[in-house]
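Input: a single structure, listed below in C-alpha cells.
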Amino acid sequence: MKSRSLHSLLVLSCLVSVAGCSRTDPQYSLEPFKSCDALERNIKDQAMTQIRWQHAWGGGGYGWGGFGYSAEMGMDDGMVAAPEASDVGNSGASSHSTTNLQESAVDEADLVKTDGLYMYSIAGDHLLISQAWPDELDDDTEGWNPDWESVGEVSRMALEGSADGMYLLEDKTLIVISQLGGEDGEPEAGGSIENSTYQYSSRGLVKVTIVDASDAAAPVVLRETYTPGMLFTSRMVSGRLYTVTYTPLGLESVGQSQDKSESINLVKDSELSDWLPSRFDHSRASIDADWTVEQEPVCDCENVYGSERESGDWLVSVQALDTADLTSEFHGTSVLTSVDTVYASADSLYVVSSESRDEGSPWQSYDSSIDTFVHQFDITDGPLNPSY
C-alpha cells in the first residue's frame with residue numbers, strides 16, 4: 001500500500017509541476033498535420049488531458065467546453081489606417097485627409113472612409129453613405145458655385161452584428177467586418193441568423209459583408225461570409241484581405257457533463273467535424289440574381305499547424321481573399337495555439353503567442369519563465385494559404 005501511495009503522489013506531482021517531470025521545454029515550432037487522422041488524434045488527446053486535469057483537482061466539471069473565452073485572448077487595439085489620398089478630379093475634392101499607415105501598403109479597417117465625394121461611415125448597426133462634397137450649380141456665374149443642398153445623407157443600410165470596421169476599394173466596393181455573438185441558428189443568405197441550430201453560434205461568428213456602393217443611393221450586398229469564432233483583427237495587404245479569428249475547441253455535450261468517464265467517452269466517440277468550424281459563404285452576381293450558399297471547412301487538415309508544445313483548446317485561423325476577384329474563394333490556414341498579437345507587413349504576417357499564465361491548466365509554462373513565441377507567415381505568394 002505504501003508503494004502504491006508513493007506512486008500516486010509522484011503522478012500527482014507531475015500534474016502539479018510539469019517542469020519537474022520534463023527535462024526540456026518542448027519545441028514551439030509549428031508543423032502541418034500530415035493527415036486528418038493525425039489532427040483528430042491531437043485534438044482529442046488535448047481534450048482528454050484537459051478533462052483528466054480538471055477532475056484530478058476535484059472540479060468535477062469541464063469548464064473548457066468551448067463556450068468561454070480566455071482572459072489572455074485580448075482584442076488587438078489596432079492602429080486605424082486608410083488608403084492614401086487619390087485625386088478624384090471633378091467628382092469630388094481634389095484631395096482629402098487620410099490616417100497614418102503603421103506599415104506602408106498595409107491597410108486596417110476604419111469606421112469612416114471617404115473617396116473625396118462620398119463619406120462612408122459605420123454608425124451603430126448601420127452603414128451610412130453621405131455626400132461630403134457638393135455638386136456644382138450649372139449657371140452662368142463665374143467661379144465655383146457649390147450646391148450645398150446636395151451635401152448630406154444619401155443612403156443607409158442595416159448591418160448585422162457589431163461592425164469592427166470596413167475597407168473601401170477603388171471601384172467603390174465596401175468590405176465590412178462584423179462580429180456576431182450568441183445568435184441561435186444558421187446563417188441564411190440575405191437574412192439573419194435564425195430558424196435552425198448552428199453548432200458554433202454560441203462561440204460567436206465573424207461576418208465579412210461585401211457591398212457594391214457604386215450607386216451611393218442604393219448600395220447592394222453581394223456576398224456574406226460567416227466564420228465561427230471571435231475576430232482578433234483584419235488587414236488589407238496588396239489587395240488581399242486577411243482576417244484573423246480565434247475559437248475555442250470543444251463539444252457542447254462534454255461541456256454539460258460532470259462525469260469524467262462520460263466526458264472522455266464523448267470525446268473518443270466524436271468526429272473531427274464536431275470540433276473544426278465550418279465557413280458559410282453566400283453570394284450572388286447582382287441584386288436580381290439568386291443567392292448561392294456553400295458550407296466548407298475553414299481550411300483543409302494539411303493547412304492546420306501544431307507544435308510539440310501542446311497549446312490547449314484554441315484554434316487561430318487566418319483567412320485570405322483576393323479582392324481583385326470578389327467571387328473567388330477564401331483560403332484558410334489555422335494554428336492550434338492562442339494569440340496575443342498580430343502584426344502585418346507587406347510580405348509577412350506575424351502571430352504572437354505566449355505560454356499560459358494559468359496555474360490551473362495543463363498548458364502552463366514548463367519552467368518559471370513565460371516564453372513568448374513569434375510565428376511568421378509568408379504572404380508574398382498571393383491569396384493562397386499563408387506559408388509558415
Side-chain angles (χ1 to χ4, degrees), residues 75-135 146-181 206-225 230-245 321 323 326 342-344 346:
M75 298 296 288
D76 181 17
D77 290 336
M79 290 69 66
V80 176
E84 296 179 359
S86 59
D87 186 350
V88 296
N90 294 330
S91 62
S94 59
S95 65
H96 52 275
S97 61
T98 62
T99 48
N100 294 329
L101 293 175
Q102 179 71 10
E103 281 275 358
S104 178
V106 179
D107 192 12
E108 299 182 33
D110 281 329
L111 295 177
V112 179
K113 295 285 192 183
T114 182
D115 56 14
L117 176 59
Y118 293 104
M119 184 169 63
Y120 310 87
S121 60
I122 293 174
D125 57 356
H126 281 79
L127 168 65
L128 270 60
I129 301 179
S130 303
Q131 185 166 330
W133 187 259
D135 293 334
D147 178 9
W148 295 109
E149 292 185 359
S150 64
V151 175
E153 182 179 318
V154 176
S155 64
R156 64 171 57 204
M157 171 184 291
L159 297 173
E160 188 178 18
S162 176
D164 177 76
M166 61 182 163
Y167 298 91
L168 174 62
L169 306 183
E170 291 182 356
D171 63 354
K172 299 186 186 299
T173 296
L174 294 168
I175 301 179
V176 182
I177 315 294
S178 304
Q179 178 70 61
L180 287 67
V206 177
K207 182 180 181 181
V208 176
T209 306
I210 296 178
V211 181
D212 179 358
S214 57
D215 182 354
V220 178
V221 175
L222 295 181
R223 189 173 184 179
E224 299 174 320
T225 303
M230 301 297 289
L231 176 68
F232 193 86
T233 191
S234 65
R235 296 290 189 273
M236 183 78 71
V237 183
S238 301
R240 302 185 298 272
L241 172 69
Y242 293 93
T243 61
V244 182
T245 61
L321 175 69
T323 62
L326 293 171
V342 172
Y343 193 88

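In this text the structure is predicted, and so the values were computed from the model without any measurement. Heavy-atom basis, side chains included; hydrogens, waters and symmetry copies ignored.
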query = Would you say Tyr167's side chain and Arg235's backbone share a donor-acceptor pair under 3.5 angstrom?
reply = yes
query = Do Thr243 and Asp164 pass the side-chain contact (heavy atoms from CB on, under 4.5 Å) test, and can you show the C-alpha distance, the side-chain angles, and the key distance before you say yes or no?
reply = CA-CA 12 Å; Thr243 61; Asp164 177 76; over 6 Å; no
query = If you measure from OG on Ser162 to NZ on Lys207, what distance do you get to the nearest 0.5 Å?
reply = 12.5 Å
key: Thr209 vs Leu159 side-chain heavy atoms within contact, under 4.5 Å   = no
request  = Give the intermediate values and the outcome of side-chain contact (heavy atoms from CB on, under 4.5 Å) for residues Arg223 and Leu321.
outcome  = CA-CA 12 Å; Arg223 189 173 184 179; Leu321 175 69; 3.8 Å; yes
message = Are Pro219 and Ile129 packed together at the side-chain level, in the sense that at least one heavy-atom pair is separated by less than 4.5 angstrom?
response = yes
key: Nearest-0.5 Å distance, OG of residue Ser178 to CG of residue Leu127   = 10.0 Å
query = Under the side chain to side chain donor-acceptor pair (under 3.5 Å) criterion, do Asp110 and Tyr120 qualify, and how do the steps go?
reply = CA-CA 10 Å; Asp110 281 329; Tyr120 310 87; over 6 Å; no
ask   = Where do Ala123 and Leu128 come nearest, in terms of heavy atoms and distance?
value = CB-CD1, 4.2 Å
task = First locate atom CG of Leu169, then atom CD1 of Ile175, and finally report the distance between them rounded to the nearest 0.5 Å.
result = 4.5 Å
inquiry  = How long is the straight-line distance from CG of Asp115 back to CG of Asp171, given to the nearest 0.5 Å?
reply    = 11.0 Å
query = Does any non-hydrogen side-chain atom of Gln179 lie less than 4.5 Å from one of Val206?
reply = yes
key: Ser155 side chain vs Ala218 backbone, donor-acceptor pair below 3.5 Å   = no
ask   = Taking the side chain as C-beta and beyond, is there a heavy-atom pair between Leu326 and Leu222 under 4.5 Å?
value = no
task = Could you tell me which non-hydrogen atom of Met236 sits nearest to which non-hydrogen atom of Leu241, and how far apart they are?
result = SD-N, 3.7 Å
ask   = Do you know the tightest heavy-atom contact between Ala213 and Leu174?
value = CB-CD1, 4.1 Å
message = Measuring only between side-chain heavy atoms, which start at C-beta, is Val221 closer than 4.5 Å to Met157?
response = yes
Backbone N/O of Gly239 and side chain of Thr323: donor-acceptor pair under 3.5 Å = yes
message = Quick check: closest heavy atoms across Val112 and Ser121, and the distance to 0.1 Å?
response = CG2-CB, 4.0 Å
From Ser130 atom OG to Met119 atom CE, the distance as rounded to the nearest 0.5 Å = 5.0 Å
note = Note: Val106 and Ala346 closest approach over all heavy atoms is CG2-N, 3.8 Å
task = Any chance you could measure Leu168, atom CG, to Asp107, atom CG, to the nearest 0.5 Å?
result = 9.0 Å
